[in-house]
2 protein chains.
Amino acid sequence: MFSNSSKYALKAVLYLAVYSSESNKILAKNISEPINVPQAYIAKLLQELSRHNIVSSTRGPNGGFYINAQNREIPLIDIVSVIDGANRLNSCLLSVQNCNNEKPCPLHSFADPFRTDLINNLKKNTIGDMAKDIESGKSFLPL
Amino acid sequence: MFSNSSKYALKAVLYLAVYSSESNKILAKNISEPINVPQAYIAKLLQELSRHNIVSSTRGPNGGFYINAQNREIPLIDIVSVIDGANRLNSCLLSVQNCNNEKPCPLHSFADPFRTDLINNLKKNTIGDMAKDIESGKSFLPL
DNA sequence: ATTAAAACATGATATAAGTCATATTTAGGA
DNA sequence: TCCTAAATATGACTTATATCATGTTTTAAT
């Protein structure tokens, strides 16, 4: 579904959304441990997200990564799109070229409502929305 | 979601279910073209499925692969399990260890009902069921 | 029996995904 | 202004997945 990289990126961004701010930046190496992802790897992913203005960062002493008000409004789908490419989620379960409701592959009816709904949720829900869920105890971040 | 190998395997099995029989075996190289999969690769996958009694085969002249009545009753999930392993479908969207309804990850509610549904469908529907759908024009096999 | 056609088994190669390491650039504080 | 802490950029390495190739065994027909 998602690549490992996207999963890591989502976790890291949500961690930042909950625990960081403009006045409380977090180092890549300090994100690594709580979300259980190798630090060099998460650093690389955060750099990529930073380049696309999905997370914020400053270099030098007291620098680090953080989520600002503007980042908070970004929908989750953008994270996945940057890391995995925009159309990874669009392909049919059997990777049949023109699989659609008119000419469905044999598994189309099992999967299509699922994927459509998932994509809509990823478009609708922002980083900030998810952070609120975590803060209110509706959902949990590992570990 | 599925690996390419599983997708190929599913396509090949469904192709056999529609076009083969005990008296009409099909060569690996003749499956390759209609389902758009390299022939050496599909041969390997069919051998694996044959070892697990999901497809039938006989060697020698007039041999080939085919689906018999017993194979026809096998649920689709078995194909995926043999190729991808049993628990690939079970993991949460973020690969959070103990993600469940009590302690859901932030994306749990987006994905869980659908994954459950997909798995149930793969368990419930057999190779024969899918073949019927194709034969009755309810669904289509590439190309 | 001999031969040929096919699956079967095994391993080699290629490509992509994931992980790690190092050097460079930027920014703040002494 | 100089030093240090951090992100950034780049590339090397590792592992998993996908693909290809070759030799071996089984089966049926002659």
Side-chain angles (χ1 to χ4, degrees), chain A residues 1-13 16 20 22-33 35-68 71 80 82-85 88 95, chain B residues 1-13 16 20 22-33 35-68 71 80 82-85 88 91 94-95:
Chain A
M1 185 102 269
F2 303 146
S3 68
N4 276 337
S5 295
S6 272
K7 294 178 186 183
Y8 294 169
L10 285 163
K11 287 194 205 181
V13 169
L16 286 173
S20 79
E22 194 124 17
S23 60
N24 181 31
K25 294 157 191 145
I26 302 186
L27 309 186
K29 67 175 175 187
N30 293 333
I31 300 173
S32 157
E33 195 243 352
I35 66 171
N36 240 325
V37 176
Q39 76 118 318
Y41 195 18
I42 204 59
K44 197 168 196 172
L45 292 171
L46 286 170
Q47 284 159 22
E48 177 95 15
L49 293 172
S50 174
R51 217 176 309 127
H52 288 82
N53 296 313
I54 291 174
V55 303
S56 304
S57 64
T58 61
R59 307 192 200 195
N62 289 330
F65 294 97
Y66 62 100
I67 296 285
N68 64 20
N71 301 143
V80 178
V82 162
I83 304 294
D84 279 349
R88 173 158 181 154
S95 297
Chain B
M1 186 106 265
F2 304 146
S3 68
N4 275 338
S5 295
S6 273
K7 294 178 186 182
Y8 293 168
L10 284 163
K11 286 193 205 181
V13 169
L16 285 174
S20 79
E22 194 123 17
S23 61
N24 182 30
K25 294 161 191 142
I26 302 185
L27 308 186
K29 68 176 178 189
N30 292 335
I31 300 174
S32 156
E33 197 241 352
I35 66 171
N36 241 324
V37 175
Q39 74 117 323
Y41 196 19
I42 203 60
K44 197 170 196 171
L45 292 172
L46 285 171
Q47 283 159 24
E48 177 95 15
L49 292 172
S50 174
R51 218 174 311 128
H52 288 83
N53 296 311
I54 290 173
V55 304
S56 304
S57 63
T58 60
R59 309 192 199 193
N62 289 330
F65 294 96
Y66 62 100
I67 296 285
N68 65 18
N71 301 143
V80 178
V82 163
I83 305 294
D84 279 348
R88 174 160 181 151
S91 75
L94 294 180
S95 297

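All chains are named by letter (A, B, ...) in the order of the sequence lines, taking the proteins before the strands, and each is independently numbered beginning at 1.
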* Starting at OH of Y41(A) and ending at P of dT14(D), how long is that distance when rounded to a whole Å? -> 17 Å
* Asked: Tell me: CD of Q47(A) to C1' of dT25(C), nearest whole Å?
  -> 12 Å
* **Nucleotide nearest N62(A) (side chain, heavy atoms from C-beta), chosen from dA7(C), dA7(D), dG28(C)** => dG28(C)
* Rounded to the nearest 0.5 Å, how far does CE of M1(B) lie from CZ of R88(A)? -> 11.0 Å
* Minimum-distance nucleotide to K44(B) side chain [options: dT10(C), dA7(D), dA18(D)] -> dT10(C)
* To do: Mind checking K25(B) for me? I need base, sugar-phosphate or nothing, with any heavy atom below 4.0 Å counting as a touch.
  => nothing
* Please determine, by modelled atom types, if Y41(B) and S32(B) share a side-chain donor-acceptor pair under 3.5 angstrom. => no
* Asked: Does the side chain of R51(B) get closer than 4.0 angstrom to OP1 or OP2 of dA9(C) through an N or O atom?
  -> yes
* Structure fact -> Between CD of Q39(A) and P of dG18(C) the distance, given in whole Å, is 19 Å
* Structure fact -> Here the distance between atom P of dC8(C) and atom CD1 of I42(B), to the nearest Å, is 13 Å
* Sub-4.5 Å side-chain heavy-atom contact between E48(B) and H52(B) -> yes
* Base, sugar-phosphate, or nothing: which does A28(B) touch, judged by heavy atoms less than 4.0 Å apart? -> sugar-phosphate
* Asked: Reckon L27(A) touches a base, only the sugar-phosphate, or nothing at all at heavy-atom distances under 4.0 Å?
  -> sugar-phosphate
* S57(A) side chain N/O closer than 4.0 Å to the phosphate oxygens (OP1, OP2) of dT8(D)? -> yes
* Asked: Of the nucleotides dC20(C), dA21(D), dA9(D), which one has an atom closest to the side chain of P38(A)?
  -> dC20(C)
* **Residue-phosphate contact under 4.0 Å: Y8(A) side-chain N/O, dG18(C) OP1/OP2** => no
* Would you kindly compare P61(A) and S3(A) by the position of their nearest DNA chain C nucleotide and give the one closer to the 5′ end? => S3(A)
* Does some side-chain heavy atom of N71(A) sit less than 4.5 Å from a side-chain heavy atom of L16(A)? -> no
* **For atom OH of Y66(A) and atom P of dA7(D), their distance in whole Å** => 12 Å
* Compare side-chain N and O positions of T58(A) against OP1 and OP2 of dT26(C) and report whether any pair is under 4.0 Å apart. => no
* **Whole-Å distance separating the CG atom of N4(B) from the C1' atom of dA14(C)** => 15 Å
* Using a 4.5 Å cut-off on heavy atoms from C-beta on, say whether the side chain of L49(B) contacts that of I83(B). => yes
* Rounded distance (Å) that lies between atom P of dA9(C) and atom CZ of R59(B) -> 6 Å
